[in-house]
Number of protein chains: 2
Amino acid sequence: MVNQEAKTPRERYRAQVRTEIKQRAWEQIATAGASALSLNAIAKQMGMSGPALYRYYGGRDELITELVREAYRSLADTFRAASQEGADVAGLAHTLREWALRDPQRYFLIYGTPVPGYHAPDDTTAISSEIMAMILDACAALPADGPETRFEAHLAGHRDWAAGHPAPPAVLHRALTFWTRLHGVLSLELAGQFTGMGFDPALLYAAELADLTGASTN
Amino acid sequence: MVNQEAKTPRERYRAQVRTEIKQRAWEQIATAGASALSLNAIAKQMGMSGPALYRYYGGRDELITELVREAYRSLADTFRAASQEGADVAGLAHTLREWALRDPQRYFLIYGTPVPGYHAPDDTTAISSEIMAMILDACAALPADGPETRFEAHLAGHRDWAAGHPAPPAVLHRALTFWTRLHGVLSLELAGQFTGMGFDPALLYAAELADLTGASTN
DNA sequence: CGCGTTCGTTAGAAGTTATAACTCGACGAA
DNA sequence: TTCGTCGAGTTATAACTTCTAACGAACGCG
């Protein structure tokens, strides 16, 4: 992180402008969504005119890619901080929800509707598996239950994505359901699909979490 | 459906052009996503120039709204056909996955990342609750299990969204988890988040479904 | 047969991303 | 200190987009 430490004053200025651009981009994304991000508007806000931004980012796609990377990095760091403070599965779930609610568009930037043409850079998948590793660690601490399912038998032969993590198939399964179930509730909530339905999404989230952790605190 | 039956030849022509516009829009959405939908490109494909489309749709938003409505209508009709052929919860789940995989962008148009400014028209929420009613019917046929959870106690007092459906809170809960869990797997699969992980998403979907229906066919 | 409604056109305004060419300032070396 | 180079920001321009306005022409109804 600190290896990029301000050689020349020019590079320092350049880095500062780049982070200001990113900051304005985040503000704009939070209010109008990623699809409405306008380089022109950012430039105007910063007091300089359109094409100046191309000195700092090759184009709209490159800026968005940087924001995606930053979002992944933020989630991974948040997870790491939580798990270093001893967060278990429930703690990670709570952390995830907090992180998502803090900036829904940032969540959607990672887990939302993909743009057909766009391909995420390679390093994001590295961060993604870093996140998955922490989920796996937390899930490994849960008590085992039930006989092996068909899907777990399948996972025993397809565990490349675990990146060498020494978890039994049941734990792999639990990590995947942790991901998909919490994402299911969270994404629908953030998309506003529950508005007007009357119930409290937090309680549905808690119910799913309770089911994941063994259903004792239901 | 047939009440809009061709009064004057002009209206017939008008309706035909409208459906052709929608058809081209669907093709374009399927390949490039909803955000890349271009009225100009549609007009050019149809051999007429830009502003002509404004005779048929008030603008981009109005066209997309129509597509959203059509997507909802398609899902509801597909569900209705399945449930009239005696589909149970597993049948509905299978139907949902088939429908989503047939055109992922259509699924995302309904359940994907929302555009902050945009508000869905009222009739879509009507279709949405029509869909939910069928899920509730299917879930009511499942055997009951376990004691009442905290969330189900909460649902007992917040059941307006069920629109008068006479289902006990446990069934309401099951219908919601049917929705959120299947959406969790499905949306991540369609977004390509599982690509490169090696396992078969269909088996994860099946595992979630098995857990929903009582876990006997696991 | 005429006349009005409606369709499709071109022209244009106000946006967008992105490239090219130019000016000017700052920084480092002789 | 002077000079040369590099880079930041500028304007101009191209190629897009949505969308409005005004015009011509064709179609169909009375």
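Proteins get letters first, then strands, A, B, ... in listed order; numbering begins at 1 in each.
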Q.
If the condition is side-chain contact (heavy atoms from CB on, under 4.5 Å), which residues does A/Asp123 pass it with, not counting sequence neighbours?
A. A/Arg69, A/Pro121
Q. Is a side-chain N or O of A/Ser74 found less than 3.5 angstrom from the main chain of A/Glu70, in a donor-acceptor match?
A. no
Q) With no hydrogens and no angle check, is any side-chain donor or acceptor of A/His158 less than 3.5 Å from a backbone partner on A/His154? A) yes
**Q.** Ionic contact status for A/Glu152 with A/Arg174, cut-off 4.0 Å
**A.** no
Q. In B/S/- notation, 5' to 3', how is nucleotides 10-19 of chain C contacted by protein heavy atoms closer than 4.0 Å?
A. BB----SBBB
Q.
What is the separation between atom CG on B/Leu53 and atom P on D/dT18, rounded to the nearest whole Å?
A. 9 Å
Q: Establish, from distance only, whether the side-chain atoms of B/Gln193 and A/Trp179 form a donor-acceptor pair under 3.5 Å.
A: no
Q: Round to the nearest Å and state the distance from A/Arg12 atom CZ to C/dA26 atom C1'.
A: 15 Å
Anything under 3.5 Å between a protein N or O and an N or O of nucleotides 5-8 of chain D, put it in a table, one pair a line.
{"from": "D/dA8", "atom 1": "OP1", "to": "A/Arg14", "atom 2": "NH1", "distance (Å)": "3.2"}
{"from": "D/dA8", "atom 1": "N7", "to": "A/Arg55", "atom 2": "NH2", "distance (Å)": "3.4"}

Q: Go through A/Tyr118 and A/Thr65 one step at a time and tell me if the side chain to side chain donor-acceptor pair (under 3.5 Å) criterion holds.
A: CA-CA 9 Å; A/Tyr118 179 78; A/Thr65 292; 2.9 Å; yes
**Q.** Short side-chain to backbone donor-acceptor contact, B/Arg159 and B/Ala167, under 3.5 Å
**A.** yes
Q) So does B/Glu66 pair up with B/Arg73, basic N to acidic O under 4.0 Å? A) no
